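Some notes on the structure that comes next.
A quick note: this is a predicted structure, and the numbers were derived from the prediction, not measured. Throughout, protein chains are lettered first and strands after them, A, B, ... in sequence-line order, and every chain is numbered starting at 1.
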Amino acid sequence: MESIQAVRGMNDILPGQIEWWQKVERLAREVLENFGYREIRTPVVEKLELFSRGIGESTDIVEKEMYAFADRKGERLALRPEATASVVRAYIQHNLQADPITQKFFCLGPMFRHERPQKGRYRQFHQIDAEAFGSDDPMLDAEIMYMLRILLERLGLTGVVLHINSLGCPECRKTYRNVLREYLLKQADAFCPDCLRRRDLNPLRVFDCKVERCQSLLEAAPMLLDSICSDCAAHFDKVKIYLDGLQTSHVINPRMVRGLDYYTRTAFEVVTDQLGAQNAVGGGGRYNGLVRDLGGPDLPGIGFAVGMERLILLLQQGQEAQRRMPKVFLAALGDSARHKGFFLTQELRTLGIETEMDYEGRSLKSQMRRADRLNVGHVLIMGEDELAAGRIQLRDMNSKEQFLVPVEKAIEMLKESYLKTIRQDFFP
RNA sequence: GUGGGUGUAGCUCAACGGUUAGAGCACUGGGUUGUGGCCCCAGAGGCUGUGGGUUCGAGUCCCAUCACUCACCCCA
């Protein structure tokens, strides 16, 4: 019988790996909640139109990367390729602008894009996504980038750089677009075919080109940042001042363009050179027209997404995850001791002490070897002699000290050793 | 979607077109009738990614396909 494989580009996260995910998720919740963000979970499936309207009809994501399908009634649906559109949809649908508690949300979960998988790029990938609504104040822009920085620092990530840019408002962008297109037309034959295609579709994207010749030609090109309107320029200046005040180092990258249509004014990206062909660990920006465009009130918004796979790839470099291991191993000899041991194991677990035992009736040597591999602190050894006396051997695996004590006494001693730390694990 | 590289045991890798596809680590048992790490012995584990083809003979050569990987495209 042929075995069934996971779908291409969609990965299992196994024990040994999952510890990284748990750490990242725990710290993400902790940091984001500290900044006033509250978790929201939206469905993985949405109406196709949400994304084509929200992200932009001509973007690559919508044009060729979406998992789109019709359900049994013929409704056009899609697996979400990103979270912002969904969060905005929920915000509008539940009238959350009227909620006095929070206007800031975060969302952890899988996204889907039908691309060719490679290192740091998968068809199902996971994002930490944060969105804040209702204010256009540059304080919020600086704050959200500061929060991203703190999150990455708390995770222990180093060697990344924050790039920022301003994409202006729709008005200044429109005039700039024409200026740029004219510049590109003047030396049309010098650019690569990709750039010529970009020129007609979305001229800003030529700045993303990696062909050296194109880049050198672009050095003399007019910059969007130089031609944004005075309001946008003033906004960007304040963002930079607040960032400096927060001692959050950043480089101004006038060539950074983002692939989604909805961005306005501030755009930012956290980049690294250690992810192969991928360079973005996270990115985001302001989207002042999006809530309105999706049928809601005309409210500004700003957000970012961090790629969890990419984050974990960087965190992992050279480091093994701490694999979760039990604290106690129960070794039993003979059937009646094994029966008694089975119930004792459950009792210890119920008390909150992570305990493992052998179910196969193996030799004591084998059970001890397994206990050693599991790196437990203590082993309880119960044989016929101990059983008859109502006692049990309690062995400290580090000191190799071993005592014959009544079963109740052994339980008390294990509670003493492990229960406090267990409590801390569960209620940090 | 396009192009290159790679698929052999759970993992890391051997095997000139030619016996029964091997090693290390990991796993199981034993060396000690009831005690871990080191050591020694033994065992188990494979449709050589899958399907075709060439050949007397294919892990090895050819084609297709799937997966991984690198680059392009793009992004998290």
What protein N or O atoms touch nucleotides 8-12 of chain B N or O atoms at under 3.5 angstrom, if any, and at what distances?
none

When the C1' atoms of B:G52 and B:C72 are compared, how many Å lie between them, rounded to an integer? 32 Å

Within the 4.0 Å heavy-atom criterion, would you say A:Val379 contacts the bases, only the backbone, or no part of the nucleic acid? nothing

From B:A76, B:U35, B:G34, nucleotide with atom closest to A:Gln402 side chain: B:U35

For nucleotides B:U12 and B:C27, find the distance between their C1' atoms and express it as a whole number of Å. 16 Å

Tell me which residues in residues 357-377 of chain A put a heavy atom below 4.0 Å from RNA chain B, sorted by number, or none. A:Arg362, A:Ser363, A:Leu364, A:Lys365, A:Ser366, A:Met368, A:Arg369, A:Asp372, A:Arg373

May I ask you to verify whether the side chain of A:Glu269 and the base of B:A76 hold a donor-acceptor pair under 3.5 Å? no

Is it the case that the base of B:C74 and the side chain of A:Arg258 share a donor-acceptor contact (distance under 3.5 Å, atom types as modelled)? no

Residue matched to B:U6 through Watson-Crick or wobble contacts both under 3.5 angstrom: B:A67

Counting N and O atoms only, with roles assigned by atom type, does the side chain of A:Asn253 sit under 3.5 Å from a partner on the main chain of A:Arg255, one being a donor and the other an acceptor? yes

Measuring from the side chain of A:Gln278 (C-beta onward, heavy atoms only), which nucleotide among B:C74, B:U35, B:C68 has the closest atom? B:C74

For B:U48 and B:C61, measure between their C1' atoms and round to the nearest Å. 15 Å

If the P atom of B:G24 is compared with that of B:C40, how far apart are they to the nearest Å? 11 Å

Of the listed nucleotides B:A71, B:U69, B:G36, the one nearest the side chain of A:Arg8: B:U69

If I take atom CD1 in residue A:Ile381 and atom C1' in nucleotide B:G34, what distance separates them, rounded to the nearest angstrom? 8 Å

Reported CD1-to-CG distance for the pair A:Ile381 and A:Leu394, which is rounded to 0.5 angstrom: 9.0 Å

Using the C1' atom on both, measure B:G3 against B:A44 and round to a whole Å. 44 Å

Could you check how far CZ of A:Phe106 sits from P of B:A76, rounded to whole Å? 20 Å

Using the P atom as the reference point in each nucleotide, state the distance between B:C13 and B:A42 in Å, no decimals. 27 Å

Under 3.5 Å: donor-acceptor pair, side chain of A:Glu408, backbone of A:Ile411: no

I'd like to know if the side chain of A:Gln367 reaches the main chain of A:Ala332, judged simply by a donor and an acceptor atom lying under 3.5 Å from each other, with no hydrogens or angles considered. yes

Whole-Å P distance, B:U60 and B:U55: 16 Å

Anything under 3.5 Å between a protein N or O and an N or O of nucleotides 4-6 of chain B, put it in a table, one pair a line.
none

By salt bridge (Lys or Arg N to Asp or Glu O under 4.0 Å), which residues pair with A:Arg373, not counting sequence neighbours? none

A:Ser366 side chain to A:Leu364 main-chain N or O, any donor-acceptor pair under 3.5 Å? no

P-based separation of B:C16 from B:G31 [nearest Å]: 41 Å

Per the under-4.0 Å heavy-atom filter, residues of residues 123-132 of chain A near RNA chain B come out as A:Phe125, A:Gln127

Sugar-phosphate only, base, or nothing, as touched by A:Gly284 at under 4.0 Å among non-hydrogen atoms: nothing

Which of residues 384-398 of chain A sit near RNA chain B, with a heavy atom under 4.0 Å from it? A:Glu384, A:Asp385, A:Glu386, A:Gln393, A:Arg395, A:Met397

